[in-house]
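Worksheet: one structure, shown below.
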Amino acid sequence: MHPQQTTSALTACALALLVATQLFPSTAHAQSSVLSKATRTSPSSEPAVLQPAQEAAATAELAALATKFGKKPNIVWLLVDDMGFGDPGCYGGGIAVGAATPNMDRLARAGLRLTSCYSQPTCTPTRSAILTGRLPVRTGLTRPILAGDKLAVNPWADELSLPTLLGKAGYATVLSGKWHVGEAVGMRPQDIGFDEFYGFYPAQKELTQHVDKRRYPDLVLNPERLAMLDRTGGSEALVHGFKGGATTDIMEIDSTDDMAEADGMLKEFTVKKIAELAKAGKPFFLEHAFMKVHADNFASKAFEGKSASKYPYKDAVVEVDAYIGEIVAAIEKAGVLDNTFIFLTSDNGPQRDSWPDTGYTPFRGAKGSAWEGGVRVPGIAYWRGVITAGRESDELFDLMDLFNTSLALAGATASIPTDRYIDGIDQTSFLIADEGHSRREKVYIWNVADFIAMRMYEYKLYMKIITTDAQWLDIDATTEHDTGLSPWLFNLYIDPKEEYPVGHRMNAWLASMGAEVNGHRATFKQYPPKNIGLGN
Ligand code: CA
């Protein structure tokens with residue numbers, strides 16, 4: 001045996017031992033590695049990188065605004081469904097992919113454009129995580145709730161939602177648009193803390209499969225099957241509900257033409273509501289959740305053929321972009337733009353399974369995937385006069401951070417629960433301080449009940465790998481594997497498409513990141529996850 005072979009055999013053995021002891025121990029303890037700069041300030045909160053100077057600057061700025069306006073700031077989230085990282089022009093899409101996005105681009109130019117903003121891989125997990133500040137595996141909302149799903153327990157029964165906490169802090173709270181986090185009584189937006197809900201419980205596809213005979217002929221053209229589908233009990237209505245009050249169906253989606261106009265109706269509601277909310281005394285939290293651009297997209301009359309591409313998906317991007325412009329204009333017309341924090345994002349990567357009715361991502365994978373294409377989404381923070389125009393940052397932001405950040409803006413940080421683990425981090429100072437740095441050091445990427453990967457700095461470590469067995473079928477044809485001798489480690493700066501793992505080359509990082517992985521795992525020992533019957 002040559003000496004060199006002996007060395008490499010030893011290295012391989014050492015690496016295997018490292019993998020066994022560092023990444024998959026039987027008793028994990030919270031620990032941090034030489035890589036970490038974060039501080040754990042309480043057992044129930046995610047360690048944060050403390051930034052005292054910018055935190056002081058942000059606190060002073062918020063205090064000055066409160067004096068100027070005599071009111072806490074309004075909070076507006078614009079949540080697009082399934083929009084790809086590569087769809088907005090300000091992220092390299094726009095006219096380059098046949099759908100101009102002048103309004104999104106304007107917000108980015110006038111605010112802060114985030115390039116490492118992370119969602120969960122699918123709708124329900126993201127939508128529940130941003131309202132609880134908690135990973136889906138903790139709340140049990142680990143995958144989309146589908147028609148016919150029978151949940152063992154109501155996950156909301158013991159969660160403390162953002163609208164509940166903001167309501168206690170004196171905010172009016174409204175959700176306009178898509179919900180997709182449960183439609184049984186007790187799980188609807190108007191039951192979990194929102195004062196008012198105007199929108200649809202499921203995603204567009206759940207609605208169009210009742211009426212689109214071209215895509216679903218086996219359902220729509222077969223009365224018996226259609227009756228079976230109806231008996232799964234999903235709502236097909238535009239719903240208007242009030243906290244503690246009546247919930248009424250405004251209209252049913254009876255055709256693809258109805259579906260095409262849904263976002264227009266939601267936008268009309270939101271624009272009117274903004275005028276009302278601005279006149280009323282309270283600050284407000286408004287989540288406007290678009291139905292588009294989730295498949296199946298049907299062009300509304302006003303936008304058909306308006307994209308250069310002419311494809312329904314692209315017309316939908318142009319429509320959503322126009323409505324973003326109208327909603328921001330409504331906030332300005334109501335005279336409250338200078339006291340309103342706006343955040344624009346997407347709830348997951350593009351749903352490539354429905355190509356060509358899908359967006360674009362430059363990264364590996366797509367919706368449903370733990371690869372960057374599934375979870376790295378556009379993230380634009382805009383606040384006129386507060387966030388300096390033209391800022392850009394690649395530092396880490398997890399959409400769950402919106403939970404803590406919104407409560408901080410409302411002066412209600414003290415209401416963040418301490419009897420359960422909160423994965424969100426207050427990023428107020430990152431977003432509003434000039435030259436602000438992220439207080440987040442790591443993003444943990446879960447797929448249903450499995451901890452798949454962790455991003456830290458420009459590195460991403462995979463404990464498990466999900467491969468796609470048919471091209472672009474990132475949801476419908478995938479297999480989950482354990483990694484082999486080495487966990488897979490990518491450097492996203494030199495390999496943004498995650499094609500060339502460098503774990504063996506960077507084995508000091510494997511040990512350190514393994515310790516960080518263990519620290520995250522240990523939080524589940526102290527705060528056990530909830531199983532609601534969706535798969536844990
Ligand atoms: Ca989605």
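In what follows, residues are counted from 1 in the order of the sequence shown. Note: hydrogens, waters and symmetry copies are ignored here, and every other heavy atom, side chains too, is used. Just follow the structure's listing: the first ligand is 1, and inside any ligand the first atom is 1.
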Exercise. Are the ring centres of F269 and Y198 closer than 6.0 Å?
Worked result: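 For F269 and Y198, the ring centres are under 6.0 Å apart.
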For this session: Answer with yes or no after comparing the ring centroid distance for Y360 and Y313 against a 6.0 Å cut-off, counting only values under it.
Result: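 No - the distance between ring centres of Y360 and Y313 does not fall below the 6.0 Å cut-off.
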For this session: Verify the distance test for N348 against the Ca ion (ligand 1): any N/O/S atom under 3.0 Å, yes or no.
Result: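 N348 does place an N, O or S atom closer than 3.0 Å to the Ca ion (ligand 1).
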Exercise. Any N/O/S atom of H180 sitting less than 3.0 Å from the Ca ion (ligand 1), backbone or side chain?
Worked result: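 No, since none of the N, O or S atoms of H180 sits under 3.0 Å from the Ca ion (ligand 1).
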Problem set entry | Among the N, O or S atoms of D81, the one nearest the Ca ion (ligand 1) |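 Nearest N/O/S atom: OD1.
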For this session: Specify which N/O/S atom of D82 comes nearest to the Ca ion (ligand 1), by atom name.
Result: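 Among the N, O or S atoms of D82, the one closest to the Ca ion (ligand 1) is OD1.
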Exercise. What are the two closest heavy atoms between V181 and W156, and how far apart are they?
Worked result: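 Heavy atoms only, the tightest pair is O-NE1, 3.3 Å.
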Exercise. Without hydrogens or angle criteria, can the side chains of D296 and T208 be said to hold a donor-acceptor pair below 3.5 Å?
Worked result: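 A donor-acceptor contact under 3.5 Å links the two side chains.
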